[in-house]
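So the structure is just underneath, and the comments pick up after that.
The figures that follow rest on heavy atoms only: side chains count, while hydrogens, waters and symmetry mates do not.
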Amino acid sequence: LRRTSPERITDRLTHGDITLDRAAHRVTRGSREIAIGPTEYRLLETLLESGGRVLSRAQLIDRVWGSAAEIDDRTVDVHVGRLRKALIRGSETDPIRTVRGAGYALADS
């Protein structure tokens with residue numbers, strides 16, 4: 001498991017100036033702490049674990065809500081919007097890249 005998915009065992013995931021601390025269950029961007037709900041937290045964690053790969057809405061539903069969840073693809077869009085709103089302040093760049101027709105990924109830092 002460590003060799004195939006080292007990002008799954010670390011306590012701290014980072015991308016650019018965004019840090020997700022699993023032990024403290026805290027998200028920061030630069031020096032600012034980000035207040036997000038549990039679903040947005042799992043969504044960000046999944047995007048950080050993906051290492052910049054594009055994840056489809058179906059993959060995000062499976063990883064964030066679970067394969068038994070019966071939710072619409074548009075639900076993913078709503079939660080991505082909430083996560084973006086929490087992460088972006090002032091002139092900060094959007095860390096989430098929308099890939100039209102494919103899904104979402106973290107933007108290059």
Please give me the minimum heavy-atom distance between [X] and [Y], naming the atom from each residue.
X      : Y      : answer
His15  : Asp108 : NE2-C, 4.4 Å
Ala105 : Arg53  : CB-O, 3.5 Å
Arg29  : Thr93  : NH2-O, 2.9 Å
Ala86  : Ala35  : CB-O, 4.2 Å

For [X], what residues pass the side-chain hydrogen bond (donor to acceptor under 3.5 Å, both in side chains) criterion, not counting sequence neighbours?
X     : answer
Asp72 : none
Arg89 : none
Arg82 : none
Thr28 : none

Scan for ring pair (Phe, Tyr, Trp, His ring centres under 6.0 Å) pairs involving [range], sequence neighbours excluded, and state none if there are none.
range           : result
residues 80-102 : none
residues 17-51  : His25-Tyr41
residues 88-108 : none

Please lay out, stage by stage, how Leu44 and Leu13 fare under the test side-chain contact (heavy atoms from CB on, under 4.5 Å).
-> CA-CA 10 Å; Leu44 179 60; Leu13 298 171; over 6 Å; no

Take Glu92 and Lys85 through the test salt bridge (Lys or Arg N to Asp or Glu O under 4.0 Å) and record every step on the way to the result.
-> CA-CA 11 Å; Glu92 293 175 334; Lys85 187 175 179 181; over 6 Å; no

Hey, is the main chain of Leu87 close enough, under 3.5 Å, to the side chain of Arg32 for a donor-acceptor pair?
->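 Yes, because the side chain of Arg32 sits within donor-acceptor range (under 3.5 Å) of the backbone of Leu87.
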
For Arg12 and Thr19, what are the C-alpha separation, side-chain angles and deciding distance, and is it a side-chain contact (heavy atoms from CB on, under 4.5 Å)?
-> CA-CA 7 Å; Arg12 190 171 288 222; Thr19 303; 3.5 Å; yes

For Glu45 and Arg22, run salt bridge (Lys or Arg N to Asp or Glu O under 4.0 Å): C-alpha distance rounded to whole Å, both residues' side-chain angles, the deciding distance at 0.1 Å, then the answer.
-> CA-CA 9 Å; Glu45 183 178 34; Arg22 289 177 170 157; 2.7 Å; yes

Output the rest of the hydrophobic cluster of Val54: all Ile, Leu, Val, Met, Phe, Trp and Tyr residues reachable through side-chain heavy-atom contacts under 4.5 Å, sorted by chain and number.
->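 The other cluster members (ILVMFWY side chains, heavy atoms under 4.5 Å, direct or chained) are Val99.
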
Do the side chains of Ile71 and Leu83 join up, straight or via other hydrophobic residues, at under 4.5 Å, putting them in one cluster?
->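 As far as the 4.5 Å side-chain criterion goes, Leu83 and Ile71 are connected within one cluster.
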
Please round to the nearest 0.5 Å and tell me the distance separating atom [atom1] of [X] and atom [atom2] of [Y].
X     : Y     : atom1 : atom2 : value
Leu47 : Leu60 : CG    : CG    : 6.0 Å
Leu48 : Leu20 : CG    : CG    : 6.0 Å
Arg63 : Ser50 : CZ    : OG    : 7.5 Å

Around Arg84, counting heavy atoms of other residues, nucleotides and ligands shown, do more than 12 lie under 6.0 Å from its CZ?
->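 Atom CZ in Arg84 is packed in, count exceeds 12.
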
Who are the side-chain contact (heavy atoms from CB on, under 4.5 Å) partners of [X], not counting sequence neighbours?
X     : result
Thr39 : Arg42, Val64, Trp65, His79
Ala58 : Ser56
Ala23 : Asp11, Asp21

Arg57: salt bridge (Lys or Arg N to Asp or Glu O under 4.0 Å) partners, not counting sequence neighbours |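 For Arg57 the salt bridge (Lys or Arg N to Asp or Glu O under 4.0 Å) partners, ignoring immediate neighbours, are Asp77.
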
Decide yes or no for Ile88 and Pro95: does some side-chain heavy atom of the first lie under 4.5 Å from some side-chain heavy atom of the second?
->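 Yes, their side chains come closer than 4.5 Å.
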
